[in-house]
Novice: 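Submitted below is the structure of interest, expressed as structure tokens.
Residue numbers begin at 1 in each chain, while the letters A, B, ... track the order of the sequences. The figures here come from the full heavy-atom set of this structure, side chains too, leaving out hydrogens, waters and symmetry mates.
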2 protein chains.
Amino acid sequence: MSIIKPTSTNFSNKKSLENDCLEVYTSNLISGQWVLPICYALLEKKLRFADFKEIFPNITDRVLTLQLRKLERNKILKRTVYPEVPPRVEYELTSIGNELKPVIKELERWGAKHKEYVSVQNKINGAN
Amino acid sequence: MSIIKPTSTNFSNKKSLENDCLEVYTSNLISGQWVLPICYALLEKKLRFADFKEIFPNITDRVLTLQLRKLERNKILKRTVYPEVPPRVEYELTSIGNELKPVIKELERWGAKHKEYVSVQNKINGAN
DNA sequence: TATGTTACTAACAAATATGTAAGTTATGTC
DNA sequence: GACATAACTTACATATTTGTTAGTAACATA
């Protein structure tokens, strides 16, 4: 999400891993601090740039733009610009974007279980 | 995965997002370039340090150590050191680690669909 | 006493992601 | 003509992750 060097070890490792492992491919598509929350919000309804800033008061214009553009590039959302002034831009999930729902649900489900697991383990081991 | 500043904007955003969104919580736990491949490999059987290096020839000792330690810290895997020389250390998934299987499957499923979606879209739009 | 083995660690460097602050654009309304 | 507006962009700074290279420990065996 910014400038990447197609010649770096990092880049080539990333590419070969995402080629070999579909789960890494997906993980790379939904990486980015605000990507999942953005998709989550879009599952409910289409949103404008300013809507996101209201939902996520701590995101900056720059990072919001970067993450939205990445999602657009990967066809997870569609960006519609209305030729008005001041500009109006709407973001909505594509069909494959909408299909992220079960993925997100699964992540949530496991996350809840993990939290529970950790708290139980900590009790057993008498952590404070 | 290394030194983090608990006072940075980045850190506090991350924390508040993972508090509010379970899917972000999970995503943060399975982030790290080699984490999912490591877990994937461990779903089949327990492995030693050198086994990982054989499976992933491009990972370095340092990064492998970092990622394994992160997984251990988060109780996704268990590290067993045998008091021998030369040392023998075995890594295996905990029960919650094993439960990552359906998560991984879901990520794979969506990834395959996404690849298909993108290729179809490209045909429609006459991309070369 | 020197060597080999395995699983690391340390010091440093590069790459990538995120954050800060200050513009810019185009046009309708005052 | 000056101003407000929404959705950005730019230049720069910081934070975090990943990679490179060169060790280290501890003991069994040669």
Side-chain angles (χ1 to χ4, degrees), chain A residues 1-18 24 27-38 46-54 56-72 79-91, chain B residues 1-18 24 27-38 46-54 56-72 79-91:
Chain A
M1 209 96 89
S2 60
I3 298 149
I4 56 163
K5 284 213 172 168
T7 55
S8 71
T9 304
N10 185 309
F11 183 77
S12 71
N13 281 341
K14 193 163 182 167
K15 284 305 159 192
S16 80
L17 279 171
E18 76 182 30
V24 174
S27 174
N28 288 344
L29 289 182
I30 62 178
S31 74
Q33 191 119 118
W34 307 84
V35 160
L36 282 173
I38 286 170
K46 63 174 72 164
L47 294 168
R48 295 178 58 177
F49 195 84
D51 294 332
F52 289 114
K53 301 213 293 172
E54 205 173 320
F56 310 114
N58 291 321
I59 200 171
T60 61
D61 284 14
R62 171 175 150 69
V63 172
L64 178 54
T65 301
L66 284 172
Q67 313 239 331
L68 289 171
R69 288 295 152 79
K70 174 181 172 178
L71 286 167
E72 189 193 3
R79 177 170 172 269
T80 309
V81 184
Y82 295 89
E84 301 171 3
V85 168
R88 179 159 65 96
V89 179
E90 282 184 351
Y91 294 91
Chain B
M1 211 97 85
S2 61
I3 297 149
I4 56 164
K5 283 213 170 169
T7 55
S8 70
T9 303
N10 186 310
F11 183 77
S12 71
N13 281 340
K14 194 164 181 168
K15 285 303 157 191
S16 80
L17 280 171
E18 76 182 30
V24 174
S27 174
N28 288 346
L29 289 181
I30 62 178
S31 74
Q33 191 117 117
W34 307 84
V35 160
L36 284 173
I38 285 170
K46 65 174 70 165
L47 294 167
R48 296 178 57 178
F49 195 84
D51 294 332
F52 289 115
K53 301 214 295 172
E54 204 174 320
F56 310 115
N58 291 320
I59 201 171
T60 61
D61 284 15
R62 170 175 151 69
V63 172
L64 177 53
T65 301
L66 284 171
Q67 313 241 330
L68 289 170
R69 289 294 152 82
K70 175 182 173 178
L71 286 167
E72 189 192 5
R79 178 170 171 270
T80 309
V81 183
Y82 295 89
E84 301 171 3
V85 168
R88 180 159 64 98
V89 180
E90 282 184 351
Y91 294 92

Novice: If you measure from OH on A:Tyr91 to CZ on A:Phe52, what distance do you get to the nearest 0.5 Å?
Specialist: 7.5 Å

Novice: Would you kindly give the CD1-to-P distance between A:Ile59 and D:dC8, to the nearest whole Å?
Specialist: 12 Å

Novice: Is A:Asp61 salt-bridged to A:Lys53, cutoff N-O under 4.0 Å?
Specialist: yes

Novice: Just to be sure I understand the rule, does B:Lys53 reach a base, reach only the sugar-phosphate, or reach nothing, if contact means heavy atoms closer than 4.0 Å?
Specialist: nothing

Novice: Has B:Glu90 got a side-chain atom pairing as donor or acceptor with B:Thr80's backbone, closer than 3.5 angstrom?
Specialist: no

Novice: Rounded off to whole Å, could you give me the CG-to-P distance for the A:Leu68 and D:dT9 pair?
Specialist: 11 Å

Novice: State the CD1-CG distance between B:Ile59 and A:Asn13, to the nearest 0.5 angstrom.
Specialist: 8.5 Å

Novice: Starting at CG of B:Leu17 and ending at P of C:dA17, how long is that distance when rounded to a whole Å?
Specialist: 17 Å

Novice: Round to a whole Å and report the spacing from CD of A:Gln67 to P of D:dA7.
Specialist: 18 Å

Novice: From the list D:dG19, C:dG19, D:dT18, which nucleotide is the closest neighbour of the side chain of B:Leu66?
Specialist: D:dT18

Novice: Which residue, A:Asp61 or A:Pro86, contacts DNA chain D at a nucleotide closer to its 5' end, judged by nearest heavy atom?
Specialist: A:Pro86

Novice: Across the strands shown, which category fits A:Tyr91 at heavy-atom distances under 4.0 angstrom: base, sugar-phosphate, nothing?
Specialist: sugar-phosphate

Novice: Where the side chain of A:Val63 is defined as all heavy atoms beyond and including C-beta, which of D:dT5, D:dC8, C:dT18 is the nearest nucleotide?
Specialist: C:dT18

Novice: Nearest whole angstrom, please: distance from the P of D:dT17 to the CZ of A:Phe11.
Specialist: 20 Å

Novice: Choose from C:dG19, C:dT16, D:dA15 the nucleotide whose nearest atom is closest to any side-chain atom of B:Ser8.
Specialist: D:dA15

Novice: For the side chain of A:Phe49, starting at C-beta, report the closest nucleotide among C:dT20, D:dC8, D:dG19.
Specialist: D:dC8

Novice: Taking atom P of D:dA15 as reference, at what distance in whole Å does atom CD of A:Gln33 sit?
Specialist: 14 Å

Novice: Starting at the 5' end of DNA chain C, which residue's closest nucleotide do you reach first, A:Asn58 or A:Glu84?
Specialist: A:Asn58

Novice: Could you check how far CG of B:Asn28 sits from C1' of C:dT18, rounded to whole Å?
Specialist: 14 Å

Novice: Need one value for A:Asn10: base, sugar-phosphate or nothing, where a base atom within 4.0 Å counts as base even if backbone is also close, heavy atoms only.
Specialist: sugar-phosphate

Novice: I'd like to know whether CD of B:Glu54 has more than 12 heavy-atom contacts from other residues, nucleotides or ligands below 6.0 angstrom.
Specialist: no

Novice: Between B:Arg62 and D:dT20, is there a contact of a side-chain N or O with OP1 or OP2 at under 4.0 Å?
Specialist: no

Novice: Using a cut-off of less than 4.0 Å, is there contact between a side-chain N or O of A:Arg69 and OP1 or OP2 of D:dC8?
Specialist: yes

Novice: Return the NZ to CG distance between A:Lys70 and A:Asn28, rounded to the nearest 0.5 Å.
Specialist: 7.0 Å

Novice: Looking at D:dT18, D:dA26, C:dA7, which one has an atom nearest to any side-chain atom of B:Val85?
Specialist: D:dA26

Novice: Measure CZ/B:Phe52 against C1'/C:dT6 and give the value in whole Å, please.
Specialist: 15 Å

Novice: Both A:Arg48 and A:Lys14 contact DNA chain D. Which one's nearest nucleotide lies toward the 5' end?
Specialist: A:Arg48

